[in-house]
Amino acid sequence: MSLKKEFEKSIRKTKHFLLQRSYKNFKINYFKNNYSDTKRLILIFTLSGTHKITGGILSICTIFSVFKNLKSTHNCNVISSFLPYKKDLDYKYRNFENEMIIYNFNEIKKLFKNLDYLEIHIPDMMVIEFNKNNIKMDPFFKWITEIKEVHINILNQNDLLMPSIDHIEALKEISPNLTMTMAHQQYATIEKRNYYGMPIHLLSPWLNPVPYKKRGYSEKENLILYSPDEIQSVPNSSTITKKEIITHLKENLKHYKFIEIKNMKYDVYKDYASRSKFALTFGEGLDGFFCEPIVSGGISFAVYNEIFFTKDFENLPTLYNSFDELKEKIVDDINYFDNNENYTNYHQILNEILGKKYSFDKLKIDAKEFYLKQYDFK
């Protein structure tokens, strides 16, 4: 860790230590004003480190809000928590606007006793922690033995990050009542239902807990955003590097300013996404760095892959077969779209395809279907 990051970490710890009494009082009052005495609870686990911002965290915050607004359907309190062995003095992600208040697990144990029903949502990367041989999780396992009915749902936000079947089978020792929600339509399939051995349901990803600001071509600036990812062997391989591509773009598009989406608050990034004409993702492809600029009125570039993209995207002119092809064609393509008519017409195509699959309204429908047990694949 660099000296700068060490210093920033030290500042955060000191601040949280000094404010811990204030944090505790806030959570006590929030609980009194926002939770009922029902014996049914939905518990969403999330990452510790309230300074962090990732696509997964943004998605969890949005899912939390949607679940919370469906109380008339599921009749449960909805709460979020860090893992039982993680303790964070702060209670809220600070780098973007959201309504999710996070409790430490020990607080939840004290606040919710004698539950009749518990539904647990576990992000894909946390599944390996929920193993009865993991002694750090003993407080959790002891707590749930006192609960009459337990339902576990795996939040599969990226199928490439899912652990082996052995880890998923270990969850069945906690509860036989398992489901899995998928963030991408491309792997919300009967094949995956059979592979994982549990009902699965699409829970459309929607990263932004608050609305996007959309601008048309005439309001855009000569800005090109690009993601912080390096080109990965999965899902895309390449004979060239990210640095080579960005250098090529800068040499041939000198009238553009290039901004890497790195070390910035989410609200700052959202402002850039709204102002920029174009965006380029080096990651999985159908990710926030691709989608959010589009819903903000822009045009995005990526390399097509069959793991995340559906066939609707396959032949679009800003999706390439490889990063080599992207480097060869992207300058000409940017120049082609850099006028009001071509830009507006193509953005409308992108926006329509994306809108059919991903929207806040669709997420709300998917979530309600989940609570009505209308799973895509039972």
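Within the 3.5 Å criterion, the main-chain N or O of Ser300 finds a donor-acceptor partner in the side chain of Thr318. Under a 3.5 Å cut-off, the side chain of Asp124 and the backbone N or O of Gln157 do form a donor-acceptor pair. In this structure, the side chain of His347 engages the main chain of Ile294 through a donor-acceptor pair within 3.5 Å. Checking side-chain atoms of Ser81 against main-chain N and O of Tyr103 turns up a donor-acceptor pair under 3.5 Å. Within the 3.5 Å criterion, the main-chain N or O of Asn106 finds no donor-acceptor partner in the side chain of Asn104.
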Using the side chain to side chain contact (heavy atoms under 4.5 Å, CB included) rule, take Tyr269 and Phe289 through it: C-alpha gap first, then chi angles, then the decisive distance, then the call.
-> CA-CA 10 Å; Tyr269 157 61; Phe289 301 117; 4.3 Å; yes

Start with the C-alpha distance between Ile147 and Phe112, add both sets of side-chain angles, then the distance that settles side chain to side chain contact (heavy atoms under 4.5 Å, CB included), and finish with yes or no.
-> CA-CA 10 Å; Ile147 299 170; Phe112 294 98; over 6 Å; no

Trace of the side chain to side chain contact (heavy atoms under 4.5 Å, CB included) decision for Lys68 with Asn34 | CA-CA 10 Å; Lys68 186 178 175 184; Asn34 290 275; 4.3 Å; yes

Mind running side chain to side chain contact (heavy atoms under 4.5 Å, CB included) on Ile200 and Asp376 for me, showing each step along the way?
-> CA-CA 6 Å; Ile200 66 170; Asp376 293 327; 5.5 Å; no

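With sequence neighbours left out, the salt bridge (Lys or Arg N to Asp or Glu O under 4.0 Å) criterion links Asp138 to no other residue. With sequence neighbours left out, the ring pair (Phe, Tyr, Trp, His ring centres under 6.0 Å) criterion links Tyr196 to no other residue. For Arg215, the side chain to side chain donor-acceptor pair (under 3.5 Å) partners at least two apart in sequence or on another chain are Ser274. In this view, Lys142 satisfies the salt bridge (Lys or Arg N to Asp or Glu O under 4.0 Å) rule with no residue, not counting sequence neighbours. Phe313 pairs by the ring pair (Phe, Tyr, Trp, His ring centres under 6.0 Å) definition with Phe309, not counting sequence neighbours. For the salt bridge (Lys or Arg N to Asp or Glu O under 4.0 Å) test, residues two or more places apart in sequence or in another chain that qualify with Lys27 are Glu107.
For the residue pair Asn134 / Asn131, no side-chain donor-acceptor distance below 3.5 Å is found, with atom types taken as modelled. Between the side chains of Tyr256 and Asp338, at least one donor-acceptor pair of N or O atoms lies under 3.5 Å. There is a side-chain donor-acceptor pair under 3.5 Å between Ser36 and Lys71. At a cut-off of 3.5 Å, with distance as the only test, a side-chain donor of His121 or Glu119 sits close to an acceptor on the other residue. Side-chain contact of Thr179 with His151: a donor-acceptor pair under 3.5 Å is present, judged by distance alone. Of the N and O atoms on the side chains of Asn177 and Ser175, not one donor lies less than 3.5 Å from an acceptor on the other residue. No hydrogens or angles considered: nothing links the side chains of Lys257 and Asn222 as a donor-acceptor pair under 3.5 Å. In this structure, a donor-acceptor pair under 3.5 Å is present between the side chains of Glu244 and Thr241.
In summary, of the residues considered (Ile246, Asn252, Thr247), a side chain to side chain contact (heavy atoms under 4.5 Å, CB included) with Lys250 occurs for Ile246 alone. Evaluated for a ring-ring contact (aromatic ring centres under 6.0 Å, His included) with Phe278, the options Tyr343, Tyr346, Phe337 yield exactly one hit, Tyr343.
Within a 6.0 Å radius of NZ in Lys172, other residues, nucleotides and ligands contribute more than 12 heavy atoms. More than 12 heavy atoms of other residues, nucleotides or ligands shown are found within 6.0 angstrom of CD1 on Ile190. Within 6.0 Å of NZ in Lys86 there are 12 or fewer heavy atoms belonging to other residues, nucleotides or ligands. Around CZ of Phe26, the count of heavy atoms belonging to other residues, nucleotides or ligands within 6.0 Å exceeds 12. Surrounding CG of Asn29 are more than 12 heavy atoms belonging to other residues, nucleotides or ligands, all under 6.0 Å away.
With rounding to the nearest 0.5 Å, the separation of NE2 in His248 from CD1 in Ile330 is 8.5 Å. In this structure, the separation between CZ on Arg275 and NZ on Lys213 is 10.0 Å, given to the nearest 0.5 Å. Note that CD1 of Ile57 is 8.0 Å distant from CE of Met100, once rounded to the nearest 0.5 Å. Between atom CG of residue Asn75 and atom CG of residue Leu70 there is a gap of 12.5 Å, rounded to the nearest 0.5 Å. Atom-to-atom distance recorded for Asp159:CG and Met182:CE is 5.5 Å, nearest 0.5 angstrom. With values rounded to the nearest 0.5 angstrom, Tyr93 atom OH is found 7.5 Å from Ser80 atom OG.
Considering every non-hydrogen atom in both Ser218 and Asn340, the closest pair reads N-OD1, 4.4 Å. Of all the heavy atoms in Leu41 and Ile108, the pair that sits closest is CD2-CG2, 4.4 Å. In terms of heavy-atom proximity, Ile168 sits nearest to Leu178 at O-CD2, 4.1 Å. Minimum interatomic distance between Ala183 and Leu202 (heavy atoms only, all atoms of both residues): C-CD1, 4.2 Å. Minimum heavy-atom separation, Asp333 to Pro317: OD2-O, 3.6 Å.
Taking 4.0 Å as the cut-off between side-chain N and carboxylate O, Glu260 and Lys242 count as a salt-bridged pair. Between Lys329 and Asp332 there is no salt bridge, since no side-chain nitrogen of the basic residue lies less than 4.0 Å from a carboxylate oxygen of the acidic one. Taking 4.0 Å as the cut-off between side-chain N and carboxylate O, Lys311 and Glu306 count as a salt-bridged pair.
Classification of the Trp143-Phe140 ring pair by plane angle, with boundaries at 30° and 60°, yields tilted. In this pair, Phe31 and Tyr35 present their aromatic rings parallel. The plane angle is below 30°, not in the 30 to 60° band.
Taking the side chain as every heavy atom from C-beta outward, Phe64 and Thr46 never approach each other to under 4.5 Å. Under the 4.5 Å side-chain criterion, counting only non-hydrogen atoms from C-beta, Lys192 is not in contact with Met180.
For Lys220 and Tyr217, the positive end is not near the middle of the six-membered ring at less than 6.0 Å and at most 45° from its axis. In this structure, Arg94 satisfies the cation-pi test against Tyr91, with its NZ or CZ atom closer than 6.0 Å to the six-membered ring centre and inside 45 degrees of the ring normal.
Between Tyr304 and Tyr320, the ring center distance fails the sub-6.0 Å criterion. Separation of the Phe45 and Phe130 ring centroids falls under the 6.0 Å cut-off.
Note on Tyr117: it does not cluster hydrophobically with Ile120, by side-chain heavy-atom contacts below 4.5 Å among ILVMFWY residues.
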